[in-house]
Amino acid sequence: MPELPEVETIVRGLRGCILGKLIRSVHVFHKKPLGPLPEKEFKDFLCRETVQAVERLGKYIHFSFSSGKNMIVHLRMTGKFIFRFKPGSFHPATHIRIIFYFNDQSTLSFQDIRLFATFSLYLPHQIIKEKQNLGPDPFAKEITAPWFLDAVKNRKTSLKAVLLDQHVISGLGNIYVCEALHRARIHPNLSAYKITPSQAGKIINSIRKVLKLALKYNGTTIRDFNGVDNKSGRFQRLLRVYQRAGKLCKTCRKASVQRIKQAQRSTFFCPHCQS
DNA sequence: CTTAACGCCTGAAGGC
DNA sequence: TGCCTTCAGGCGTTAA
């Protein structure tokens, strides 16, 4: 479900709800999100821990606790955190997989329809695997046109596929890659290694521009995404190509948006703007 | 090293 | 109404 702006919206919401709170107990309704970790170990690890910080790592959410322990969550397609000040005061949601109970009666429920989401736990001195495998954040200073040209110099696949690769840059997904390439006026099928220095600069600028704007609107809600407060994002009305196949391009108003398949995912682009 | 294909899951939507 | 196919803000694994 979520990409950088949505995850950042969730992280900011979580900070407002759970920072400084102590986990009194944990209820696991489904073990799949825990992966190989036994349910008892998961609960024992988290019980009596106090939430010290919530940070975004690409599309991951990093919870750190006062003891130095860590929990890293990836929401994948349909993962969602729902915060409640008091238990049982809302109509019950389906597909709740885990509930965290805090010392002040508030709860954080984790919902995941498709069960793709993952939770992993790290002791204070363990190396967090996710940090090793991720490319830099789109807003990191090290991302410059020369850096990007070097990063893609051996990549003969499409620019679209490379931008979806979290080992290159972390945080982008299908919506914002489509939207950024549209704003940069580059065809998504262009081989990554063939881009010019000028195009590299345009890509970086477009990525940052579209992410900042989406963040301002609390992300994009197409079907599943909602913030911790259960409010939807508002960026969807500013999408220029994503899920607009057959509709007139909002940028040029001359051609209609096309949909193609790349790496088993839908790509949307304007054939007039992105020659 | 790189790439494409497959699998993991559930539910909504569209075609017939 | 029902059945079948396709689709969905993702990514780890596998095989070439």
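Just so you know, these numbers use all the heavy atoms, side chains as well, and skip hydrogens, waters and symmetry mates. Order of the sequence lines fixes the chain letters, A, B, ..., with proteins taken first and strands second; residue numbering starts at 1 for each chain.
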Sugar-phosphate, base or nothing in reach of A:T221, heavy atoms under 4.0 Å: base

Sequence neighbours excluded, every pair satisfying side chain to side chain donor-acceptor pair (under 3.5 Å) that has a member inside residues 205-224 of chain A: A:Y176-A:T220

Rounded distance in Å - NE2 (A:H167) to P (B:dT3): 12 Å

Members sharing A:L57's hydrophobic cluster (side chains within less than 4.5 Å): A:Y60, A:I72, A:Y122, A:I128, A:L134

Proximal nucleotide (of C:dG12, B:dA5, C:dA8) relative to the A:Q264 side chain: B:dA5

For atom CG of A:N133 and atom P of C:dC11, their distance in whole Å: 12 Å

A:R259 vs C:dC7: side-chain N/O to OP1/OP2 distance below 4.0 Å: yes

Euclidean distance, atom CG of residue A:L75 to atom P of C:dG12 [Å, nearest integer]: 14 Å

Spacing between A:L163 atom CG and B:dT3 atom C1', to the nearest angstrom: 16 Å

Donor on one side chain, acceptor on other, A:T251 and A:H182, under 3.5 Å: yes

Rounded distance (Å) that lies between atom C1' of C:dC11 and atom CG of A:D165: 10 Å

Connected-component partners of A:I113 among ILVMFWY, side-chain separation under 4.5 Å: none

For atom NZ of A:K156 and atom P of B:dA4, their distance in whole Å: 12 Å

Lys/Arg cation over aromatic A:F110: A:K80, 6.0 Å, 45° cone: no

A:N189 and A:Q262 side chains, donor-acceptor separation under 3.5 Å: yes

P spacing across the pair B:dC9 / C:dC3, given as an integer number of angstrom: 25 Å

Closest to the A:K59 side chain, choosing from C:dG12, C:dC11, B:dA4: C:dC11

Whether A:F119 and A:F42 hold their rings parallel, tilted or perpendicular, with breakpoints at 30° and 60°: perpendicular

Spacing between A:K160 atom NZ and B:dT3 atom C1', to the nearest angstrom: 16 Å

Whole angstrom value for the distance that separates P of C:dC11 from CG of A:L134: 9 Å

Those residues that, when tested against A:Q132, pass side-chain contact (heavy atoms from CB on, under 4.5 Å) (two or more places apart): A:I127

Sugar-phosphate, base or nothing in reach of A:Q262, heavy atoms under 4.0 Å: nothing

Base-pair map of DNA chain C as dot-bracket, where | denotes pairing with a different strand and pairs are Watson-Crick or G-U under 3.5 Å: .|||||||.|||||||

B:dA4 OP1/OP2 closer than 4.0 Å to side-chain N/O of A:T157: yes

Among C:dG12, B:dT3, C:dA8, the one nearest A:K261 by side-chain distance: C:dA8

Donor-acceptor side-chain pairing of A:S191 and A:K156 below 3.5 angstrom: no

A:R234, CZ atom: more than 12 neighbouring heavy atoms under 6.0 Å: yes

Base versus backbone protein contacts along nucleotides 9-16 of chain B [heavy-atom cut-off under 4.0 Å; B, S, -]: BBB-----

Which nucleotide in B:dT3, C:dC11, C:dA8 has an atom nearest any side-chain atom of A:R76: C:dC11

Sugar-phosphate, base or nothing in reach of A:D112, heavy atoms under 4.0 Å: nothing

Toward the 5' end of DNA chain C, by each residue's nearest nucleotide, A:E3 or A:Y60: A:E3

